[in-house]
Amino acid sequence: MNLLDGKIVSQAVKVRLKTYTEERLLQGKKAPHLAAILIGNNGASETYVASKVKSCAEVGFVSTLIRLEESISEQELLFKLNELNEDFDVDGILVQLPLPKHISEQKVIETIHPSKDVDGFHPESVGRMVQGLPAFYPATPYGILLMLEHYNIETKGKHAVVIGRSNIVGRPISIMLNKNEYPGNCTVTVCHSHTHNLKEICLQADIIIAALGRPEFLKGDMVKEGAVIVDVGITRVPDGSKKSGFAIKGDVDFNDVAPKSSYITPVPGGVGPMTIAALMMNTFKACAAKD
Ligand code: GUN
């Protein structure tokens with residue numbers, strides 16, 4: 001069993017981006033600028049956005065954190081987004097999800113200009129990705145691809161089983177893994193809550209992407225010897241022994257599955273850091289596209 005270490009790989013990506021950014025500055029060009037909007041006081045969202053802002057500083061990007069009250073109206077938020085769309089210095093815009101119930105996620109996603117859509121959630125970005133055109137890939141699937149690439153994991157002709165079909169992870173990674181270039185060319189099966197024989201399907205998988213959001217769902221008896229396991233889950237479960245009062249659990253029962261796997265991501269320290277590295281890549285690309 002080998003660890004797919006998101007801390008190491010994300011650090012390597014960030015070192016590369018820092019160098020590219022320094023080169024830009026030496027050429028008299030601007031540094032990439034990410035604007036992040038955080039609404040309300042969701043603990044997990046606060047942590048994620050803080051990591052994104054910190055990573056910007058690490059790679060030499062400019063970041064603007066815009067904190068808005070939970071009670072902000074949809075109209076006010078859309079107005080703010082339009083301001084950011086028109087601000088030439090801002091290269092990438094992200095609105096941390098989930099949103100308060102009174103705000104339409106779809107309207108927010110569609111208001112961000114596609115040229116600044118570093119989350120890759122806009123229908124134009126998704127459409128371009130599906131058609132194999134240059135596009136902003138959503139950060140989590142993109143981070144997974146960067147990790148598979150780093151470890152030279154063979155994907156051609158492999159059977160990849162994706163558990164989960166969310167717009168953020170399951171659906172896009174299923175499309176990205178079957179594109180006609182490395183890392184892709186997999187035969188992909190997408191499983192979800194209505195799938196029959198999930199265990200039998202998982203047992204056929206060379207690569208499993210667990211992205212269903214159910215702590216420790218994937219067990220050792222559902223995995224073929226030598227499979228590559230990517231765990232996208234990050235659920236907070238109450239844990240009195242931790243100072244924070246919670247532990248982070250993946251969708252994979254690590255201790256049960258790891259001995260059978262050839263490669264496996266830990267949680268935390270696997271896909272999570274890669275998501276942020278991928279967001280930084282997208283922000284850099286958004287900036288460079290304006291040169
Ligand atoms: N919430 C959970 N994952 C994500 C993500 O990748 N981007 C944003 N904006 N919000 C999220």
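Nothing here was measured: the structure is a model prediction, and the numbers come from that model. First listed ligand is number 1; within each ligand, the first listed atom is number 1.
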Legend entry - Location of contacts on Leu97 toward ligand 1, heavy atoms closer than 4.0 Å: both

Inset, instruction - For atom 4 (C) of ligand 1, find the nearest protein heavy atom and state the residue, atom name and distance (0.1 Å precision). - result: Gln96 NE2, 4.1 Å

Inset, instruction - Please determine if Thr140 has a nitrogen or oxygen closer than 3.5 Å to a nitrogen or oxygen of ligand 1. - result: no

Inset, instruction - Considering heavy atoms of the protein only, find what lies nearest to atom 7 (N) of ligand 1 and give residue, atom and distance to 0.1 Å. - result: Asp119 OD1, 3.1 Å

Inset, instruction - Compute the shortest N/O to N/O distance between Pro98 and ligand 1 and return yes if it is under 3.5 Å, no if not. - result: no

Legend entry - Glu76 with Lys80: basic N within carboxylate O range, under 4.0 Å: no

Inset, instruction - Give a yes/no verdict on whether any heavy atom in Phe121 is under 4.0 Å from an atom of ligand 1. - result: yes

Inset, instruction - Using heavy-atom distances, let me know which of Val118, Ile168, Val49, Thr275 sits nearest atom 3 (N) of ligand 1. - result: Ile168

Legend entry - Heavy-atom side-chain contact between Phe284 and Phe61 under 4.5 Å: yes

Inset, instruction - Using a strict 4.0 Å threshold on nitrogen-to-oxygen distance, state whether Asp221 and Lys199 make a salt bridge. - result: yes

Inset, instruction - Decide, yes or no, whether a salt bridge links Asp291 with Arg24 under the criterion of side-chain N to carboxylate O below 4.0 Å. - result: yes

Inset, instruction - State, without any angle test, whether Lys158 and Thr187 hold a side-chain donor-acceptor pair at a distance under 3.5 Å. - result: no

Legend entry - Cationic N near anionic O, under 4.0 Å, Lys260 to Glu225: no

Legend entry - Mode of Val95 contact toward ligand 1 - side chain, backbone, both, neither (heavy atoms, under 4.0 Å): backbone

